[in-house]
Amino acid sequence: MIEVKNLRKEFDGEIVLDNINASFHNGMVNMIIGKSGSGKTVLLKCLVGLLSPTSGEIRYDGKNFVGLKSKEVRRLRRDIGMLFQGAALFDSRTVLENVMFPLDMFSRKNRRERKKRAEFCLERVNLLEAANLYPSEISGGMKKRAAIARAIALNPKYLFCDEPNSGLDPKTSQLIDELIHDLTKDFSMTTVVVSHDMNSVINIGDKVIFINEGVKEWEGNKSEVMGTDNEKLNDFVFASDLFKKIKEAEEEKG
Ligand SMILES: Nc1ncnc2c1ncn2[C@@H]1O[C@H](COP(=O)(O)OP(=O)(O)OP(=O)(O)O)[C@@H](O)[C@H]1O
């Protein structure tokens, strides 16, 4: 479990996140949603230590990440898997080599065991047949699956995904969502997904946090999102592609 307490982030005196209090639960897909520019990515970057909060605490299973010594930060980072926007694979390495990269960097296992682990992860995301291909030779959805395999290579306790569906068609997006959901349950990870895709929220959002202009405006679960009486969340939901499609379908029915 990750707990955020009174988190504040300023850039040059400008407040981007203000007094955020939130919990991200084990074995669940915890979604951070909100409009463009609301502060989702800054929050994610604070959570993984890519940005330092101006004030507040980020507790990983009770241990405050803010102010940890660099050795302890490195230890904690090994428990963190990260799926970046756009997959961020190394173009000059094969899919298998990409998945092996974190193992080569951090695992004490020998090469045969590291390869076996990488192949297991590729098998888990249904991509073993592409092990020897290069990123330029595979589709966008396959790249995302390769990046997911790499993110889980070190068997992380915490998985962070920044807009995992960006650039994917709806069907592939759904497959990626389901994969993130299933891995979260299978490996009992604390998964945090930043998204503005309402389809994803409805598909896999066990817990949902809505950020508006740097403030946590609402939290609940996916079944509570659609019927909320929070005006700002309602505006966000009604402006989404999902809602537009539902409305169009209803209008077609008459
Ligand atoms: N390094 C930075 N320096 C200064 N301002 C920043 C920095 N990073 C982000 N910001 C500002 O913080 C605010 C929140 O940005 P953030 O990227 O978190 O939004 P977001 O909700 O993730 O949006 P999107 O959905 O478009 O990615 C924006 O106003 C942005 O300009």
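Only heavy atoms go into these numbers, but all of them, side chains included; no hydrogens, no water, no symmetry mates. Worth saying up front: this structure is predicted, and the values here are computed from it rather than measured. Read the numbers this way: they start at 1 and go in the same order the structure lists the ligands and their atoms.
Distances below 4.0 Å separate heavy atoms of Lys35 from the following atoms of ligand 1: 21 (O). Atoms of ligand 1 lying under 4.0 Å from at least one heavy atom of His196, given by number and element, are 25 (O).
For atom 20 (P) of ligand 1, the closest non-hydrogen atom of the protein is Gly37 N, 3.5 Å. For atom 12 (O) of ligand 1, the nearest protein heavy atom (residue, atom name, distance) is Val16 CG1, 3.2 Å. In terms of protein heavy atoms, atom 3 (N) of ligand 1 is closest to Phe11 CD2, 3.4 Å. The protein atom (non-hydrogen) at minimum distance from atom 25 (O) of ligand 1 is Lys40 NZ, 2.8 Å. Nearest non-hydrogen protein atom to atom 22 (O) of ligand 1 is Thr41 OG1, 2.6 Å. Nearest protein heavy-atom contact of atom 24 (P) of ligand 1 is Ser36 OG, 3.7 Å.
Ion pairing between a basic and an acidic side chain is recognised when a charged N comes within 4.0 Å of a carboxylate O; Glu119 and Lys115 show such pairing.
In this structure, Phe120 and Phe187 have tilted ring planes: the angle between them lies in the 30° to 60° band.
Distance screen at 4.0 Å: atom 8 (N) of ligand 1 has a protein heavy-atom neighbour inside the cut-off.
With hydrogens and angles left out, the side-chain atoms of Asn221 and Ser223 include a donor and acceptor closer than 3.5 Å.
Residue Gly34 places no heavy atom under 4.0 Å from ligand 1. Ligand 1 is never approached by Lys45 to a heavy-atom distance shorter than 4.0 Å.
A side-chain donor-acceptor contact under 3.5 Å links Lys144 to the backbone of Pro164. Using a distance-only test at 3.5 Å, with no hydrogens or angles considered, no donor-acceptor pair links the side chain of Asp206 to the main chain of Asn30. Judged by distance alone, with hydrogens and angles left aside, the side-chain atoms of Arg8 form no donor-acceptor pair with the main-chain N or O of Ile15 at under 3.5 Å.
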For this session: Could you walk me through whether Ser200 and Asn165 pass the side chain to side chain donor-acceptor pair (under 3.5 Å) test, one step at a time?
Result: CA-CA 8 Å; Ser200 293; Asn165 294 335; 2.6 Å; yes
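Leu175 and Val29 end up in different hydrophobic clusters when Ile, Leu, Val, Met, Phe, Trp and Tyr side chains are linked at under 4.5 Å.
The shortest N/O to N/O separation between Gln85 and ligand 1 does not fall below 3.5 Å. For Val42, a nitrogen or oxygen atom sits less than 3.5 Å from a nitrogen or oxygen atom of ligand 1, counting backbone and side chain alike.
Geometrically, Lys9 engages Phe11 in a cation-pi contact, judged by NZ or CZ lying under 6.0 Å from the ring centre and within 45° of the ring axis.
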